[in-house]
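Single-structure report; data block below.
All values below were derived from every heavy atom in this structure, side-chain atoms included, with hydrogens, water molecules and symmetry-related copies excluded. Computed from a predicted model, the values in this text were never measured in an experiment.
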Amino acid sequence: QVQLVESGGGSVQAGGSLRLTCEASGVPLPYIMGWFRQAPGKGREFVGAINWRGNWAEYADSVKGRFTISADNAKYTVVQHMTGLKPEDTAVYYCSTKSGSGAYGYASSYPYWGQGTQVTVSS
């Protein structure tokens with residue numbers, strides 16, 4: 001049974017940093033881990049994705065250069081480092097996983113999801 005548990009959300013002022021962690025279990029190799037976010041009244045938005053080896057990652061243009069995703073395959077853990085946070089980054093952040101590398105930017109491609117963690121950035 002696949003389980004994903006996010007942690008590390010919180011409240012920061014604009015320009016601050018946060019570190020989100022996703023701990024996975026029961027995930028078959030190979031896999032892609034994706035991060036998405038959802039702000040109130042909006043759809044789920046792709047943030048970034050990384051492969052299980054940690055040697056490939058892609059990011060949404062809105063976070064490129066500010067967010068970095070890393071993977072520790074031995075621990076089945078993925079970390080998203082978020083710097084230079086902006087009020088528009090405020091959302092519930094979800095980690096997700098799928099097999100294969102295609103369509104990594106689409107929420108509908110991911111069958112497994114964590115419960116989400118709130119990130120609030122104040123101006």
Side-chain angles (χ1 to χ4, degrees):
Q1 183 178 0
V2 176
Q3 288 189 322
L4 302 174
V5 179
E6 302 100 334
S7 60
S11 298
V12 294
Q13 291 189 327
S17 301
L18 282 174
R19 179 176 180 268
L20 304 184
T21 299
C22 179
E23 298 181 11
S25 60
V27 181
L29 296 175
Y31 61 84
I32 294 287
M33 294 294 290
W35 283 99
F36 288 79
R37 65 187 181 187
Q38 189 164 16
K42 296 188 176 181
R44 202 159 288 192
E45 175 190 21
F46 171 73
V47 176
I50 191 167
N51 68 349
W52 68 284
R53 294 182 181 274
N55 60 357
W56 168 91
E58 289 289 342
Y59 300 90
D61 288 343
S62 59
V63 305
K64 204 169 289 184
R66 300 188 296 122
F67 291 13
T68 303
I69 302 173
S70 60
D72 184 339
N73 186 49
K75 297 181 180 179
Y76 279 76
T77 298
V78 172
V79 176
Q80 177 168 270
H81 296 269
M82 307 184 297
T83 63
L85 284 163
K86 305 174 182 180
E88 52 263 44
D89 294 319
T90 295
V92 177
Y93 283 70
Y94 299 88
C95 69
S96 55
T97 190
K98 62 185 290 293
S99 60
S101 59
Y104 60 84
Y106 297 92
S108 58
S109 299
Y110 293 79
Y112 304 106
W113 293 84
Q115 82 285 357
T117 185
Q118 176 71 45
V119 171
T120 303
V121 185
S122 58
S123 57

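In this view, Gln3 satisfies the side chain to side chain donor-acceptor pair (under 3.5 Å) rule with no residue, not counting sequence neighbours. Glu88 meets the side chain to side chain donor-acceptor pair (under 3.5 Å) test with no other residue; sequence neighbours excluded. Lys86 is linked by a salt bridge (charged side-chain N to carboxylate O under 4.0 Å, His left out) to nothing, counting only residues two or more places apart in sequence or in another chain. The side-chain contact (heavy atoms from CB on, under 4.5 Å) check on Asn55 picks up Asn51, Arg53, with sequence neighbours excluded. Taking Ser122 as the reference, Gln13 meet the side-chain contact (heavy atoms from CB on, under 4.5 Å) condition, with sequence neighbours excluded.
A distance of 10.0 Å separates NZ of Lys98 from OG of Ser108, quoted to the nearest 0.5 Å. With values rounded to the nearest 0.5 angstrom, Thr97 atom OG1 is found 11.5 Å from Ile50 atom CD1. Atoms CD and CD, on Gln38 and Gln118 in that order, are 11.0 Å from each other to the nearest 0.5 Å.
Between Ala103 and Ser109 the shortest heavy-atom distance is O-OG, 3.0 Å. Between Gly116 and Val92, the shortest heavy-atom distance links the atoms CA-CG1, 3.9 Å. Residues Ala71 and Gly54 come closest through the heavy atom pair CB-CA, 4.2 Å.
Dense packing is recorded around CZ of Phe46, with more than 12 heavy atoms of other residues, nucleotides or ligands lying under 6.0 Å away.
With hydrophobic clusters built from ILVMFWY side chains whose heavy atoms lie under 4.5 angstrom apart, Val12 shares a cluster with Val63. Hydrophobic clustering (side-chain heavy atoms under 4.5 Å, transitive across Ile, Leu, Val, Met, Phe, Trp, Tyr) keeps Val2 apart from Val5.
Ser96 is not listed as a side-chain neighbour of Tyr94, based on a closest heavy-atom distance of 4.5 Å or more. The shortest distance between side-chain heavy atoms of Tyr104 and Tyr110 falls below 4.5 Å.
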Report all side-chain donor-acceptor pairs from residues 17-37 shorter than 3.5 Å, counting only partners two or more places apart or in another chain.
{"from": "Tyr31", "atom 1": "OH", "to": "Asn73", "atom 2": "OD1", "distance (Å)": "3.3"}
{"from": "Arg37", "atom 1": "NE", "to": "Glu45", "atom 2": "OE1", "distance (Å)": "2.8"}
{"from": "Arg37", "atom 1": "NH1", "to": "Asp89", "atom 2": "OD1", "distance (Å)": "2.8"}
{"from": "Arg37", "atom 1": "NH1", "to": "Tyr93", "atom 2": "OH", "distance (Å)": "2.9"}

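Judged by distance alone, with hydrogens and angles left aside, the side-chain atoms of Gln115 form a donor-acceptor pair with the main-chain N or O of Glu6 at under 3.5 Å.
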